[in-house]
Each structure stands twice: as C-alpha cells, then as structure tokens.
Amino acid sequence: MEDSVQIRCTRCKNVFRDRAKRLQNGYSRQCPSCEIVLFFDEDSHDSNIKRAMRTARRARNELRESEGVSARMAAAAPRRYGGRSASSSRGTEDDDAD
C-alpha cells in the first residue's frame, strides 16, 4: 500500500507527492517548482486540493485497515522461542578430568 498522494499545484499545474498522513486540515506545503504555499482544507474551493484531501483520507483508511489486519494476524500467530539454547556439552569434559 502506498502512503503518498499526488497533489496538483493550483498555480503552475505541476504534480508532486506528499504523505497521506500529513495531508489533514490546517496543513500547508510549498510547491517544489513555483514555491507558492498551498493550504490544505476539506472546505477548500480548489478542486485540486479537495481531490488530494479525499485521496489522502482514503489512503489513511486503507493503511489503518491493513495495519489492523496485520496486528490481528500477529496476535493470532503462535509464539516461538527464538533465543539461544543451553549447550549440554559445555563444562562436562573439564569436570570429569579432575
């Protein structure tokens, strides 16, 4: 699952990407090409901003669902001991020689 969203600049029309977790109400980002500051708000009049916010919300929901599924699978999986086991031959030769 990809966690980035395409954003189209309102001024220069170039497309760049930003993380879906960042794109929430009140977030602002500078366009990398024309350096205008874009303000992200759900109630924006700009269709490019609305589309980016909608896509980011959808991506966050999908990420949450996939994390929930993987957490449930990890909790259901049996645990195995992966540590080192004690060696039975350690120290027995020296004790028998005395």
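Every heavy atom of this structure was used, including side-chain atoms; hydrogens, water molecules and symmetry mates were not.
- Members clustered with Ile7: Val5, Phe16, Leu23, Tyr27, Ile36, Leu38, Phe40, Ile49, Met53, by chain and number, using a 4.5 Å side-chain heavy-atom cutoff among hydrophobic residues.
- Note that CZ of Arg22 is 11.0 Å distant from OG of Ser4, once rounded to the nearest 0.5 Å.
- Atom CG in Asp3 sits 12.0 Å away from atom CD in Glu62 (nearest 0.5 Å).
- Atom OG of Ser47 sits about 9.0 Å away from atom CZ of Arg8, to the nearest 0.5 Å.
- Annotation: the span from His45 atom NE2 to Thr10 atom OG1 amounts to 13.5 Å, rounded to 0.5 Å.
- Screening residues 25-48 for salt bridge (charged side-chain N to carboxylate O under 4.0 Å, His left out) gives Asp18-Arg29, Glu42-Arg57 as the qualifying pairs, with residues at least two apart or on separate chains.
- With no hydrogens or angles considered, a side-chain donor-acceptor pair links Ser33 and Asn14 at under 3.5 Å.
- Counting only N and O atoms by type, the side chains of Asn61 and Arg64 include a donor and acceptor under 3.5 Å apart.
- Atom CZ of Arg19 is surrounded by 12 or fewer heavy atoms from other residues, nucleotides or ligands within 6.0 Å.
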